[in-house]
Amino acid sequence: MRGKRVTFPGMAVPAILLAPQLAVTFVFFVWPAIQSLRSALFRQDAFGMSEEFVFLDNFIKLFAEPDYGQAFGLTLFFALATTVLSMGLALLFAVLADGVVKGAAIYKSLLTWPYAVAPAIAGVLWWFLFNPTIGIFSRALAAIGIDWNHHLNSGQALALVIIASAWKQLSYNFLFFLAGLQTIPKSLLEAAALDGADGFVRFRKIVLPLLMPTTFFLIVTNLVYAFCDTFAVIHATTGGGPGTATTTLIFKIYRDGFESLDLGGSAAQSVILMLLVGTLTIIQFRYIERNIHY
Amino acid sequence: MKSLLSYTALVAGLSTLSPAFAQTEVQFWHAMAGEMGQRVEKLASDFNASQKDFKVVAVYKGTYPEVMTGAIAAFRAKQPPHIVQVFEVGTATMMSAKGAIYPVHELMKEQSAPFDATAYLPAVSGYYSDVKGNMLSFPFNSSTPILYYNKDLFKKAGLDPEAAPKTFADLEAYAKKLQAAGVPCGFTTEWPSYMQFENFSAYHNQPISTKENGLAGLDAELKLNGPVQVKHLQNLVDWQKTKVFDYGGRGDSSKPKFFSGECAMTVSSAAARLGIVTNMKAEVGMALLPYYADVQGAPQNSIIGGASLWVLRGQKPADYKGVAQFFAYLSKPEVQAWWHQETGYLPITTASYELSRSQGFYDRNPGTDVAVKEINLNPPTENSKGLRLGNFVQIRAVIEEEIENALQGKKTPQQALDAAVTRGNELLRQFQKSNS
């Protein structure tokens, strides 16, 4: 849309038009963020009757804790694994669904269903499927000689939360990949086919590069999802255990703040997570969106 | 707020075409789900039917930690519930929140409600009283862990269904016989730290911490890494390998293992009986906790868990009369006895125990008096009077993390319990610093 620029006479109208969105942003995002920044610098008793300014004490204590470093490493691994698993499967399904001619709408709707499931419900669902005693999956695994008990086995617990979290995000990725695939001009693919490129080569040389903007966008949103939105799934399935094997950053914030009532420490952790997610978003906006050309 | 309340009362009155009279609402937040929740609601509605001035509104607010943090958040937002049910590990936190709580002994005196603190069993009231013996919260649902065993599986394995294992040696032998008869697992436990380490220590007359397990002061230090506890953890680790013992997770997540018959025995709360009877077809026996016969002083007595009711300040002064009346109602022997018999929680007043006995409840329901016997097995020592440590929600999580590390073979039992003690002590010092 080059050429004609539409401008408003004066500031009043744009200000009014922006006001609702700005108000929502301020009340639900900026204000809580300021609040957590503030609490991160104080030590408070649970009931909020006394507070003491401790400056960066909460942060210093956090980094002195071996637990925190461990949760950090775990979260990175968890986020990467969830992202790779979820996006990999979503891409596969999108390519397959894109090729379906008969009943395509049915496949597509079914594949987007998990997105409509609330995270807590998803957690409970997986809790049932993998319950060491009554779960269908754990029974099937027992039949092939695998003793499933994620209450005791760290690796299994981690696998469970990764699978459950990836499943939850699968539909979202699927929709974006499918949309991405449908914007690829058929003529390009046909031309390549005429030149003798087989299916795999066409996918690698044409489809993948053209999907790059979608892929990068999804990497960032999936990482942010894994960092911040997987609390309910972990809470419902493993509760952060065994040991601290599935205590990711977001879960630790909940546990320290809401169960242990260490509000300052918990706020400090959320500030760090906020910085992490903020950095990811900046990378997304500044570099990826600018440098991927197609 | 007041006008809003009377307005809604008016609207409610008009819409049902009944005369609108000003009834004061008393908010009661609790953590009792399912069958238990229905019993709590009946307590509230029976009280409401017994008088006209107050209406107790019982609200289920989630798990124990959720109820507690919810109430604290509400207090901070200046909208506290009048009554909140707080589990025993939150007791130290509530006690130290001096300006936020309305101590029960003050409440009952100031609102001139009939109340006799000595009617309560000392093992229970001692838990919720300050050093001077003043009751700070209202004892409500107290329980203690006991052993449940599946009589049908016992019969299948050729064991006498009327003879429960008494010692851990018995337990191991029974488990092996059960396994030989095709039962996958011998026993499991709920609430690993609370049942296998805290109560285990008291039951073997071993300290959980110094300073009478924290009852005598904030400067207590954990003692959970003694030889008896280390030996027990070593046994659990060894038994896990052959499933004589099978770990089923924290809290009560091991329930399905016992319900489904995968494990023939479980250590669970005395109040679990209702759920077990509701969910299982098999006949289930109840027995005292097992102990190590070679530990001097074992079995001592078990300690209680469960929750008590705390009154929060910050509501209209007139409302607290309703709270006091509700507590007076709950103290009645017949109400107490009903609650005890329906839920399996301990009878917490002597009168309600006597009443239940004279009604023939224990004769009709064998095993229901096991818990009472267990907490009164011997006069309590300083290791078995109770437990009151600050930051204990976190400390319990730390203990359970370390137990899990030992069970997975990541640490030896000694290393795991040493780490639990070191990490737990740090949390105790933090609490001491912010509350002295």
Side-chain angles (χ1 to χ4, degrees), chain A residues 39 42-52 54 57-58 61 64-67 70 120 127-128 131-135 138-139 142 147 149-157 235-247 251-252 254-266, chain B residues 63-66 68-70 72-73 75-77 80 90 93-94 96-101 184-185 188 240 243 246-251 253-263 312 391-395 397-398 400-408 410-411 423 426-427 430 433-435:
Chain A
S39 343
F42 284 83
R43 181 163 41 229
Q44 264 194 356
D45 72 296
F47 285 82
M49 287 183 301
S50 67
E51 59 176 13
E52 182 194 350
V54 292
D57 250 24
N58 288 324
K61 226 172 59 197
E65 249 180 72
D67 268 25
Q70 206 187 330
W127 182 92
F128 269 116
N131 184 291
T133 302
I134 53 174
S138 42
R139 291 208 163 185
D147 184 16
N149 186 355
H150 60 258
H151 293 307
L152 196 59
N153 186 317
S154 298
Q156 291 178 353
H235 186 57
T237 50
T238 64
T244 49
T246 52
T247 303
F251 195 78
K252 194 168 153 57
Y254 163 79
R255 219 191 52 194
D256 291 359
F258 291 89
E259 285 189 353
S260 311
L261 302 168
D262 174 13
L263 300 175
S266 175
Chain B
T63 63
Y64 278 134
E66 284 163 4
M68 183 169 164
T69 40
I72 290 175
F75 177 83
R76 294 173 68 120
T93 303
M94 298 301 289
S96 59
K98 295 228 163 52
I101 57 162
C185 129
T188 185
Q240 175 71 53
K243 299 240 169 137
D246 197 16
Y247 186 74
R250 301 179 197 179
S253 61
S254 68
K255 272 194 197 304
K257 283 190 185 297
F258 185 68
F259 285 178
S260 66
E262 182 186 344
C263 295
L312 294 182
N391 275 342
F392 203 63
V393 184
Q394 282 146 295
I395 294 176
V398 162
E400 290 179 342
E401 280 171 27
E402 296 296 346
I403 296 171
E404 286 166 354
N405 284 335
L407 288 171
Q408 293 183 77
K410 286 185 179 169
K411 287 184 180 170
R423 293 172 61 195
E426 273 168 33
L427 292 164
Q430 257 177 39
K433 204 159 72 184
S434 49
N435 288 289

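Protein chains get the first letters and strands the later ones, always in sequence-line order, with residue 1 at the start of each.
- Contact annotation for Gln394(B): both backbone and side-chain heavy atoms come within less than 4.5 Å of a heavy atom of chain A.
- Of the atoms belonging to Glu66(B), it is side-chain heavy atoms, and not backbone ones, that fall under 4.5 Å from chain A.
- In this structure, no portion of Ile101(B) lies under 4.5 Å from any heavy atom of chain A.
- By the 4.0 Å N-to-carboxylate-O rule, Glu65(A) lies close enough to Lys252(A) to be salt-bridged with it.
- Of the two parts of Ser154(A), the backbone and the side chain both hold a non-hydrogen atom closer than 4.5 Å to a non-hydrogen atom of chain B.
- Of the two parts of Asp45(A), only the backbone, made up of N, CA, C and O, holds a non-hydrogen atom closer than 4.5 Å to a non-hydrogen atom of chain B.
- Ranked by heavy-atom pairs under 4.5 Å with chain B, the list Arg43(A), Gln44(A), His150(A) is led by Gln44(A).
- With a 4.5 angstrom heavy-atom cutoff, Lys411(B) does not touch chain A via any of its atoms.
- Of the atoms belonging to Leu261(A), it is side-chain heavy atoms, and not backbone ones, that fall under 4.5 Å from chain B.
- The closest donor-acceptor contact from the side chain of Ser253(B) to the backbone of Gly248(B) lies under 3.5 Å.
- Contacts with chain B were tallied for Ala245(A), Gly243(A), Gly257(A), Gly240(A); Gly243(A) has the most, counting heavy-atom pairs under 4.5 Å.
- For Glu52(A), no part lies near chain B; criterion is any non-hydrogen pair under 4.5 Å.
- Ile395(B) has its side chain within reach of Phe392(B): a pair of non-hydrogen atoms, C-beta onward, lies under 4.5 Å apart.
- A tilted orientation is assigned to the rings of Phe251(A) and His235(A), their planes being inclined by 30° to 60°.
- Taking 4.0 Å as the cut-off between side-chain N and carboxylate O, Arg255(A) and Glu401(B) count as a salt-bridged pair.
- Looking only at distances, a side-chain donor or acceptor of Thr188(B) sits under 3.5 Å from a matching main-chain atom of Asp246(B).
- Looking at Asn153(A), the atoms closer than 4.5 Å to chain B (heavy atoms on both sides) all sit in the backbone: N, CA, C or O.
- When each of Ile134(A), Asp262(A), Thr244(A) is scored by its heavy-atom pairs under 4.5 Å with chain B, the top score falls to Thr244(A).
- The CE atom of Met68(B) sits 13.5 Å away from the CZ atom of Phe258(A) when rounded to the nearest 0.5 Å.
- At a 4.5 Å heavy-atom cutoff, Glu402(B) makes no contact with chain A through either its backbone or its side chain.
- Contacts between Tyr247(B) and chain A at a heavy-atom distance below 4.5 Å involve backbone atoms as well as side-chain atoms.
- Between Val393(B) and Tyr64(B), every side-chain heavy-atom pair lies at or beyond the 4.5 Å cut-off.
- A donor-acceptor distance shorter than 3.5 angstrom exists from the side chain of Ser96(B) to the backbone of Thr93(B), with no hydrogens or angles considered.
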